[in-house]
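A short write-up of the structure that comes next.
Since the structure is predicted, the reported quantities are computational estimates derived from the model, not experimental observations.
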Amino acid sequence: MSVPAIVWALTGCIGLIGSNSLALGPIAPAIADGFDVEVQDIMLASAAFGLGTALGAIALGQLIDRAGPRRTLAYVMLIMAIGFISSGVAQGAVVLTISQFLVGISAGVALPAIYTLAAVVASPGHEGRTIGIVLTGWTISMVAGVPLSTLIADGLGWRAFYIAIAAAALIAGAGLSVNGQQHETQRKGVASRTPVTALTIKGVLPLLAACGCFMAAFYGVYAYVGDHLHVNLEYPVRATGLAAIFYGIGFGSAVFLDRYVDAYSGRRVLLPLIFLMVAVVYAVMSLVSGTYTGVLAVMAIWGLANHFGLNVLIMRLTALEPSQRGAIMGLNSAVTYLALFAGTIVMGKVYAAEGFVYITLCGGLLSLLASVFSLCAAYMQSPN
């Protein structure tokens, strides 16, 4: 399969967004020292990013259908660069938080635009592989972006990290803005007038419900893997980083198997079966959670399974109504980040009260619900 150059650009955009969202935690102590505040004050910027992403996605996602995904993405990457620059020159936690809120709003539009454009430029029959390549941007941010952020922060200062990703965002935005019109959607329908209009499309609601369950399970469990390894298994903090790398490797290596996603993409039970597989992974995680090597192994399998789940979920959503892909993917991003917020809080309470095994079982239950919702969506779309 020949991969269009724009697909690699989309992968890089995902990598930039992921690096920003994942890097704040590791470099927060350095920022806190510079501002003479507590780390918790700095992490409010992370919450602002998540809130901005959800609001941007649900409020502005329909702009993608009106202006076209390429043009929209070019503009928001330039706006995102302003947010990165503002983060880099911030003189206090409040300005950093406001800057990250601006970055979040931009990301809330950029992510659905990226997924929409990936579906548009994919060759017929190669949608799964194309979207799979774009999704590896998350792996890049996890395996390379976060370690690089700490190296830059140690060597040049944390401000240099934001200036570096701002430069990359400017290059991406400029490149997309001069890329021509060949990658715009053929907007034959009427773009949704409000973000919630897309909810009336058959199959959208159950797939969004599946997305919410799937993402709440992931973010809720992933947030406490590190603490479990450090506090419960008494491994050093650096050992928790290796677990993240194993997850990223599993997630990224799935791209080599995405051709099978394309081969079976017409099967309506494909997504329910993948979510069922994810539920099994959580069950296995609960069994091996007492051993470090067991956790590392299951982290790689978890990344592999989640890649397939996210890939096919995006394929299903973007195929529902081509004229409203942007609005649909905006809703998807909003649900994703609301699930991050809710999943982390609820799972945190379960983790504090019952321990890590119980949150993995909760993750399995949520994945089973995702399987049921996706099966409902499949039968709603069935011509029979």
Side-chain angles (χ1 to χ4, degrees), residues 12-61 63 72-114 137 141-142 145-174 177 219 223 330 333-334 336-338 340-341 344-345:
C13 290
I14 288 281
L16 283 176
I17 296 170
S19 295
N20 174 77
S21 62
L22 294 171
L24 185 58
I27 66 176
I31 302 176
D33 288 342
F35 292 161
D36 194 25
V37 297
E38 298 295 326
V39 169
Q40 292 88 333
D41 297 321
I42 301 302
M43 292 311 295
L44 287 175
S46 180
F49 170 82
L51 179 61
T53 303
L55 291 176
I58 198 167
L60 303 173
L63 297 179
T72 302
L73 181 58
Y75 290 155
V76 296
M77 290 305 294
L78 295 174
I79 296 172
M80 191 181 298
I82 295 173
F84 289 149
I85 293 171
S86 180
S87 298
V89 301
Q91 297 300 314
V94 173
V95 175
L96 178 66
T97 300
I98 295 172
S99 300
Q100 283 296 302
F101 182 72
L102 175 61
V103 173
I105 291 176
S106 303
V109 182
L111 288 171
I114 290 168
S141 65
M142 186 176 293
V146 174
L148 280 175
S149 72
T150 57
L151 289 175
I152 293 173
D154 284 341
L156 301 173
W158 63 268
R159 296 182 188 278
F161 165 69
Y162 285 111
I163 299 304
I165 59 175
L170 284 171
I171 293 171
S177 66
Y219 286 114
S333 292
T336 295
Y337 280 87
L338 290 174
L340 183 159
F341 178 77
T344 302
I345 290 177

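- Separating the CG atom in D41 from the CD1 atom in I31 is a distance of 12.0 Å, to the nearest 0.5 Å.
- Sorted by first and then second residue, the ring-ring contact (aromatic ring centres under 6.0 Å, His included) pairs involving residues 82-111 (not counting sequence neighbours) form an empty list.
- Within the model, atoms CD1 of I165 and CG of N20 stand 4.5 Å from one another, a figure rounded to the nearest 0.5 Å.
- Across every non-hydrogen atom of M77 and A172, the tightest pair is CE-CB, 4.3 Å.
- Heavy-atom minimum distance, T97 versus L44: CG2-O, 4.0 Å.
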Determine, stepwise, if the pair I17 / I114 fulfils side-chain contact (heavy atoms from CB on, under 4.5 Å).
CA-CA 11 Å; I17 296 170; I114 290 168; 4.2 Å; yes

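- The CG atom of L156 sits 10.0 Å away from the CG atom of L151 when rounded to the nearest 0.5 Å.
- Ring geometry, Y219 versus Y337: the interplanar angle falls from 30° to 60°, so the pair is classed tilted.
- Formation of a donor-acceptor pair under 3.5 Å by the S86 side chain with backbone atoms of G83 is not found in this model.
- Applying the ring-ring contact (aromatic ring centres under 6.0 Å, His included) test to Y75 and every residue at least two apart in sequence or in another chain returns nothing.
- Scored by the side-chain contact (heavy atoms from CB on, under 4.5 Å) test, A32 finds V37, V39, I42 as partners (sequence neighbours excluded).
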Check against side-chain contact (heavy atoms from CB on, under 4.5 Å), I14 and L111:
CA-CA 7 Å; I14 288 281; L111 288 171; 3.5 Å; yes

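- Not one N or O on the side chain of R159 forms a donor-acceptor pair closer than 3.5 Å with the backbone of I85.
- Taking CG from L16 and CD1 from I171, the interatomic distance works out to 9.5 Å, rounded to the nearest 0.5 Å.
- Across every non-hydrogen atom of A334 and A54, the tightest pair is CB-O, 3.6 Å.
- Side-chain polar atoms of S19 and S141 form no donor-acceptor pair below 3.5 angstrom.
- For the atom pair T336 OG1 and F341 CZ, the distance stands at 15.5 Å (nearest 0.5 Å).
- In this structure, L55 CG and S333 OG are separated by 12.5 Å, a value rounded to the nearest 0.5 Å.
- Of all the heavy atoms in F49 and S21, the pair that sits closest is CE2-CB, 3.5 Å.
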Evaluation steps, side-chain contact (heavy atoms from CB on, under 4.5 Å), between L63 and V109:
CA-CA 8 Å; L63 297 179; V109 182; 5.6 Å; no

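- Under 3.5 Å, the side chains of Q100 and S46 contain no donor-acceptor pair of N or O atoms.
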